[in-house]
Number of protein chains: 2
Amino acid sequence: MVAHRLDEIDRKILAELQADGRMTNVELAKRVGISAPPCLRRVRALEEQGLIRGYHAEVNARELGFEVQVFAMVGLESQAEVELNAFEERCRNWPLVRECHMLNGEVDFMLKCVAPDLSSFQSFLTGQLLSTPNVASVKTSLVIRGAKDEPGVPFDVLEARLSRLA
Amino acid sequence: MVAHRLDEIDRKILAELQADGRMTNVELAKRVGISAPPCLRRVRALEEQGLIRGYHAEVNARELGFEVQVFAMVGLESQAEVELNAFEERCRNWPLVRECHMLNGEVDFMLKCVAPDLSSFQSFLTGQLLSTPNVASVKTSLVIRGAKDEPGVPFDVLEARLSRLA
DNA sequence: GCGGCTGCGCAATATTATTTCCCGGTTGGG
DNA sequence: CCCAACCGGGAAATAATATTGCGCAGCCGC
């Protein structure tokens with residue numbers, strides 16, 4: 001946690017770029033209250049420290065033909081580290097799997113998947129996921145509709161927390 | 001689904017911007033094989049059609065002090081539309097809840113939450129989520145580690161699918 | 001008080017975005 | 001078959017932006 005090395009301006013920068021990753025540097029500088037050159041230097045520093053991992057366009061999956069979104073909860077036979085790594089590596093190579101998180105509890109992995117339609121997903125499910133060695137159980141849940149989808153971090157919570165420490 | 005109106009260049013543009021949302025227009029044009037002006041026109045059109053919803057910096061939540069990530073599966077007492085909307089609206093107002101998806105099956109909602117630490121999350125869980133009217137059950141799973149996290153869409157799958165239709 | 005360090009802002013330069021204009025290919029009617 | 005309108009693409013000019021270099025002020029540690 002290097003957040004303590006960040007001042008309020010840095011956090012504002014992160015919040016602004018999280019909200020609009022294509023913001024101009026001069027616009028960003030204006031919003032955080034400094035001039036353009038030091039602002040750009042701060043952004044570069046944040047990138048090099050790994051606090052900014054990258055920038056991405058948010059695409060409309062549904063309009064692009066991915067109408068199905070599914071959460072899959074996967075249990076493995078063996079939870080040996082080698083087996084966990086092997087399963088994670090498989091997930092990284094499956095394009096339909098967009099996220100893979102290891103969990104505590106009875107379920108070992110939570111997968112977020114997308115697919116053009118139900119039959120595509122089902123053929124992935126039976127042909128790939130369920131036929132993977134060491135996979136003991138898969139429970140899937142279809143996403144009916146999305147109500148909120150804002151990956152990232154709530155900077156207002158961060159501000160409140162840091163000001164309490166000050 | 002307007003994907004049919006897109007040609008291969010448009011899809012390449014989307015894929016490139018999904019991978020790097022801050023790519024220069026000239027760089028983008030070079031990669032997709034056209035010159036800068038028409039490339040910019042295409043990007044603008046994609047934005048206006050809503051196929052590009054926005055651009056976001058991907059921040060390192062853990063380094064920023066959000067060390068806890070939790071999936072929460074929520075069941076409601078009543079699934080009447082009014083109640084569903086009410087719950088969704090609450091989720092939108094909870095900063096710790098970053099995603100909220102309505103599911104089929106026994107569980108009504110899947111929430112992805114972040115928090116600075118376990119006790120913050122637990123106080124949110126007991127003080128907010130569990131004490132919300134109409135919430136019948138909440139099962140939570142802590143994320144131990146992340147293996148893959150690439151929101152968005154696998155454009156290679158899209159390409160394969162469209163070429164099959166052609 | 002005095003270097004040394006750090007971060008800001010200003011000004012100049014290089015790069016990029018954006019607009020304008022023009023050209024070639026394609027399509028549909030005559 | 002030809003012509004005209006149309007839809008993109010490219011080239012050049014212009015505006016905006018990013019980037020660099022430099023000097024200045026504030027802040028320690030001595």
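Throughout, protein chains are lettered first and strands after them, A, B, ... in sequence-line order, and every chain is numbered starting at 1.
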### Query
To the nearest Å, how far apart are A:E47 CD and D:dT19 C1'?
14 Å
## Note on the structure
Among D:dG9, C:dA11, C:dT18, the one nearest any side-chain atom of B:S35 is D:dG9
#### Entry: Rounded interatomic separation in angstrom, taking CG from B:D10 and C1' from D:dC7
14 Å
### Task
Starting from the first five and the last five pairs of the helix from C:dG1-D:dC30 to C:dG30-D:dC1, work out the angle between the resulting helix axes, to 10 degrees.
30°
### Message
Using side-chain heavy atoms (C-beta onward) and a distance below 4.5 Å, is B:H56 in contact with A:E58?
### Response
yes
### Task
Side-chain contact test, heavy atoms from C-beta onward, threshold under 4.5 Å: evaluate it for A:K112 versus B:M110 and give yes or no.
no
### Message
Which nucleotide wins on minimum distance to the side chain of B:I34, given the candidates C:dT16, D:dG10, C:dA11?
### Response
D:dG10
### Task
To the nearest Å, give me how far apart CZ (A:R44) and C1' (D:dT20) are.
12 Å
### Task
Please check if any side-chain donor atom of A:N85 sits under 3.5 Å from a side-chain acceptor atom of A:E89, or the reverse.
no
### Query
Between A:N25 (side chain) and A:A36 (backbone), is there a donor-acceptor pair under 3.5 Å?
yes
### Query
Are B:R42 and D:dG8 close enough that a side-chain N or O sits under 4.0 Å from OP1 or OP2?
no
### Task
Rounded off to whole Å, could you give me the CD-to-C1' distance for the B:E27 and C:dA17 pair?
15 Å
### Message
Are A:L142 and A:F121 packed together at the side-chain level, in the sense that at least one heavy-atom pair is separated by less than 4.5 angstrom?
### Response
no
### Query
Does a side-chain heavy-atom distance below 4.5 Å link B:T132 with B:W94?
yes
### Query
So, are B:R31 and B:E27 salt-bridged, with charged N and O less than 4.0 Å apart?
yes
## Note on the structure
Note: contacts of residues 15-24 of chain A with DNA chain C (heavy atom, under 4.0 Å) are none
### Query
Mind checking whether B:I144 and A:L103 have side chains closer than 4.5 Å, heavy atoms only?
no
### Message
With a 3.5 Å distance limit and no angle check, can you tell me whether B:R98 reaches the backbone of B:P95 through a side-chain donor-acceptor pair?
### Response
yes
### Task
Produce a footprint string for nucleotides 22-28 of chain D: one letter per nucleotide, 5' end first; B if the base is under 4.0 Å from any protein heavy atom, S if only the sugar-phosphate is, - if neither.
-------
### Message
Check this for me: B:E106, atom CD, are more than 12 non-hydrogen atoms of other residues, nucleotides or ligands nearer than 6.0 Å?
### Response
no
### Query
Rounded to the nearest Å, what distance is computed from the CG atom of residue B:L40 to the P atom of nucleotide D:dA11?
17 Å
### Task
Answer yes or no: is there a side-chain heavy-atom contact under 4.5 Å between A:V70 and A:L96?
no
### Query
Between A:E8 (CD) and C:dG7 (C1'), how many Å, whole number?
17 Å
### Query
For B:N25 and C:dT15, what is the distance between atoms CG and C1' respectively, to the nearest whole Å?
13 Å
### Message
Measure CG/A:D7 against P/C:dC8 and give the value in whole Å, please.
### Response
8 Å
